[in-house]
Asker: 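Got a structure for you, questions after.
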There are 2 protein chains.
Amino acid sequence: MSFSNTQQEPILVLDTQRCKRNINRMAERALKAGCIFRPHFKTHQSNTIGRWFRDAGVTGITVSSVSMAKYFIEGGWNDITIAFPFFPQQLKGLKEIEKAASLRLFVNSVEDLKLLNQQLSNPFKFFIEIDPGAGRSGVSYENTELISQLIDTSLNQSKSRFHGFYIHDGRTYSARSVEQIQQKINPTIDILVELKNSFPMANISMGDTPSASTSNRLDELDEMTPGNFVFYDFMQVQIGSCSLDDVALYAVLPIAQKIPTPGRTIVHGGAVHLSKEFLQDNDQNNFGQIVHYSANNDISETDLSISAISQEHGTIRGIPDDDSYVWVCPIHSCLTANLYDQYSTKDGKSIEKRILS
Amino acid sequence: MSFSNTQQEPILVLDTQRCKRNINRMAERALKAGCIFRPHFKTHQSNTIGRWFRDAGVTGITVSSVSMAKYFIEGGWNDITIAFPFFPQQLKGLKEIEKAASLRLFVNSVEDLKLLNQQLSNPFKFFIEIDPGAGRSGVSYENTELISQLIDTSLNQSKSRFHGFYIHDGRTYSARSVEQIQQKINPTIDILVELKNSFPMANISMGDTPSASTSNRLDELDEMTPGNFVFYDFMQVQIGSCSLDDVALYAVLPIAQKIPTPGRTIVHGGAVHLSKEFLQDNDQNNFGQIVHYSANNDISETDLSISAISQEHGTIRGIPDDDSYVWVCPIHSCLTANLYDQYSTKDGKSIEKRILS
């Protein structure tokens, strides 16, 4: 694939065919498992891409902030999970959207639950986010006292309905094979299943892309909310969630300087175009994998990568074949996508997205 | 300092007084050293902040792309250095701006120099960017053959005027004291001075904030182009370029959840609000330093920091005193600023900036 010789800035190219294939494949996995699919939209943040999910039968979505919920409400969504711990400063924003959409919130304290019941006008559902030991947000799975308190409190309140338990277990990101993903996620699925045994009215929901892409235990869940799979990225290839052929998003970076000795290439593409996420291969940092994108849309890995970045410069150890551009498979597509104000398609069209998070 | 209890998203607070003090102090350093001050505007990317530089006597600026040059031309600047290796895809954009501003370009090959002379209509100046051994862009300081070729070629061309040598030596970022900054930058200043001895018509110019803030050899240079100093950040405090009292930019993040056992706080503020830049203290990652910002504008370090981040979550090991927000000194203000569409001032006003790079 070649781009215009006047493209002077990095662009983000979305392979719409691969993206739709990813959406349809995940929707089918959920359907087969009997699991409700509420995809996380924080990765793409685009109402155009959102419509492709609707075409695949999706009616409820997941977001990570009230303002992201507003953007997707404007795109016609009215069943929205805000997968981030509720905090009181959100109340003003929640009051603005509660009439436009049925909300599922994450509530992790009795105080917050009472506050929401006092302040909101409409009924809302809530998840108790469970920390399976990963050490991020939520209530420890061992804290059954607080879990019972939250559910019991809700019974005496007028607006809140307990919906279930949610886990995003980011520890699967350190897996490097499908087998390792299973080893890491199975104890977490066990936690969800045990919680459901103790609280049978609960729906259990899980979020991470590695598990959603590979687990054979999705049928034990009620809902799944992966997000990254819409594009995938080079980290997901390394984890074992997908193959390079599934990655739908590429940064196309102008080559700025080739330095034959000692063999180094400078591209216009730095931390503000790729993010500073990196992988380590043999003690070398990889901020983006150079790929070959053929005329008939085949993608293959080259042995080159972005080994150093500053704000606007990327450095490749080695000299790519192409003279004008390199195609870079991003390490973490969620962060890379967040740095652009639109997606470009391979036939030169633009796809709108929300700007900044 | 406290913010509205309806601020539900991370905001970026600019301390305008400290920012103007940084601008004036660096302008004075340059004046005292007899050095022309052409500050890099990639850090702030704001025409409002640009005017504060004009108030300090600045007439020429430095940017990193043609589109950033366009933004500042709209703000009234007409003397612009594009501090990034020229590549042919920039020609269309350069033709659009060459009549509006006097340009200084970075040209590192004879072929590019001839192409620019053929294609541009107006005279332009060019720097030869020198790689002092840091391994990023530019011509190796040892490649005197190519340097002579570029200067000689220019003599026979109608538009280009050789302006001088430019070095941005990022290796000062690994210093952790003023003394270490000097040890790292002095051999680089020696290279510039030797080049000037060999090519006496050359202006010599240097870019990095640690050297610009602390070197006592600025009088040996003709120009200086630092950028980060306008805000500084926690990395510059660690390097020794400034004190915490000089940092002018803070991310103010809502507290989302306090988890008393084992003592952890979740804030709404992740990689899309801070960037993934980090420092390592005693094997612990620091993605942002929590500070105390007093009612009379004193800033002091706390013993808390953001020790882990995902896309939207930040995790603090420990529990801050404040219930609603934490003030975070960013690790790398250039990358953090790039993630927001405006700056907020402490009295609740907005300052416009360019969105995305």
Side-chain angles (χ1 to χ4, degrees), chain A residues 4-10 42-43 64-67 84-93 108-109 131 135-140 168 170 254-257 259 261-262 264 266 268 270-273 275-278 308 310-313 315 324-325 332 334-335 338-341 355-357, chain B residues 4-10 42-43 64-67 84-93 108-109 131 135-140 168 170 254-257 259 261-262 264 266 268 270-273 275-278 308 310-313 315 324-325 332 334-335 338-341 355-357:
Chain A
S4 148
N5 65 3
T6 59
Q7 183 216 312
Q8 59 172 353
E9 303 275 334
K42 71 176 178 179
T43 304
S64 48
S65 66
V66 178
S67 60
F84 194 88
F86 164 78
F87 52 94
Q89 298 96 306
Q90 288 182 333
L91 276 172
K92 183 168 174 276
N108 298 323
S109 87
D131 175 7
R136 201 175 72 168
S137 48
V139 176
S140 168
H168 174 88
I255 294 174
Q257 189 185 8
I259 303 164
T261 312
R264 191 168 77 234
I266 306 300
H268 183 25
V272 296
H273 307 104
S275 94
K276 287 212 77 165
E277 190 86 70
F278 61 94
S310 50
Q311 185 171 348
E312 304 261 352
H313 297 68
T315 302
S324 305
Y325 301 98
H332 189 170
C334 307
L335 301 190
N338 182 64
L339 295 167
Y340 293 76
D341 58 1
I355 302 174
L356 308 169
S357 287
Chain B
S4 147
N5 64 2
T6 59
Q7 183 215 314
Q8 59 172 350
E9 304 274 332
K42 72 177 177 180
T43 303
S64 49
S65 67
V66 178
S67 61
F84 195 87
F86 164 79
F87 51 95
Q89 298 96 306
Q90 289 183 330
L91 276 172
K92 182 166 173 278
N108 298 321
S109 87
D131 175 7
R136 198 175 76 171
S137 49
V139 176
S140 166
H168 175 87
I255 293 173
Q257 189 185 7
I259 303 163
T261 313
R264 194 167 73 233
I266 306 299
H268 182 25
V272 297
H273 308 105
S275 95
K276 287 211 77 164
E277 190 86 68
F278 62 94
S310 51
Q311 187 171 345
E312 304 260 352
H313 297 67
T315 303
S324 306
Y325 302 96
H332 190 169
C334 307
L335 302 190
N338 183 64
L339 295 166
Y340 293 76
D341 59 2
I355 304 173
L356 306 170
S357 287

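All chains are named by letter (A, B, ...) in the order of the sequence lines, taking the proteins before the strands, and each is independently numbered beginning at 1.
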Asker: Please classify the contact between Ala256(B) and chain A as side chain, backbone, both or neither, with a heavy-atom cut-off of under 4.5 Å.
Answerer: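 For Ala256(B), heavy atoms of backbone and side chain both lie under 4.5 Å from chain A.
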Asker: Using modelled atom types and a 3.5 Å cut-off, is there a donor and acceptor pairing between side-chain atoms of Gln7(A) and backbone atoms of Glu9(A)?
Answerer: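 A pair under 3.5 Å: yes.
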Asker: Do you know which of Ala308(B), Pro254(B), Ala271(B) has the most heavy-atom pairs with chain A at a distance under 4.5 angstrom?
Answerer: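 When all of Ala308(B), Pro254(B), Ala271(B) are compared, Pro254(B) has the most.
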Asker: Is the closest side-chain heavy-atom distance between Ile355(B) and Ile355(A) below 4.5 Å?
Answerer: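 Side-chain contact under 4.5 Å: yes.
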Asker: Do Val272(B) and Leu339(A) touch side chain to side chain, with heavy atoms closer than 4.5 Å?
Answerer: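 Counting from C-beta outward, Val272(B) and Leu339(A) never come under 4.5 Å.
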Asker: With only heavy atoms counted, which part of Ile259(B) is less than 4.5 Å from chain A, the side chain, the backbone, both or neither?
Answerer: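 For Ile259(B), the contact with chain A is made by the side chain alone.
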Asker: With rounding to the nearest 0.5 angstrom, report the CG to NZ distance, Leu335(B) to Lys276(B).
Answerer: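 Rounded to the nearest 0.5 Å, the CG-NZ separation comes to 13.0 Å.
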Asker: Mind checking what makes ring pair (Phe, Tyr, Trp, His ring centres under 6.0 Å) contact with Tyr340(A), not counting sequence neighbours?
Answerer: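 Not a single residue meets the ring pair (Phe, Tyr, Trp, His ring centres under 6.0 Å) criterion with Tyr340(A).
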Asker: Using heavy-atom distances under 4.5 Å, tell me whether His268(B) contacts chain A through its side chain, its backbone, both, or neither.
Answerer: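 When you check distances to chain A, atoms from both the backbone and side chain of His268(B) fall under 4.5 Å.
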Asker: Apply side-chain contact (heavy atoms from CB on, under 4.5 Å) to Ser310(B) and list each qualifying residue two or more places apart in sequence or on a separate chain.
Answerer: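 For Ser310(B), the residues satisfying side-chain contact (heavy atoms from CB on, under 4.5 Å) (neighbours in sequence not counted) are Arg136(A), His313(B).
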Asker: Select, from Gly138(A), Ser140(A), Pro88(A), the one with the greatest count of heavy-atom pairs under 4.5 Å involving chain B.
Answerer: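 Ranked by heavy-atom pairs under 4.5 Å with chain B, first place is Gly138(A).
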Asker: In terms of heavy-atom pairs under 4.5 Å, which option from Arg264(A), His332(A), Glu277(A), Gln90(A) contacts chain B the most?
Answerer: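 The residue among Arg264(A), His332(A), Glu277(A), Gln90(A) with the greatest pair count is Arg264(A).
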Asker: Judged by atom type as modelled, is there a donor-acceptor pair below 3.5 Å linking the side chain of Gln89(B) to the main-chain atoms of Ser324(A)?
Answerer: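 Yes: the side chain of Gln89(B) pairs with the backbone of Ser324(A).
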Asker: Which atoms of Thr315(B) are under 4.5 Å from chain A, going by heavy atoms: the side chain, the backbone, both sets, or neither?
Answerer: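 The side chain, not the backbone.
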Asker: Non-hydrogen atoms of chain B under 4.5 Å away: do they reach the side chain of Phe86(A), the backbone, both or neither?
Answerer: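 Interface part for Phe86(A): backbone (N, CA, C, O).
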Asker: For chain B, find which of Gly135(A), Ser109(A), Pro262(A) contributes the most heavy-atom pairs closer than 4.5 angstrom.
Answerer: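 Of the options given, most contacts go to Gly135(A).
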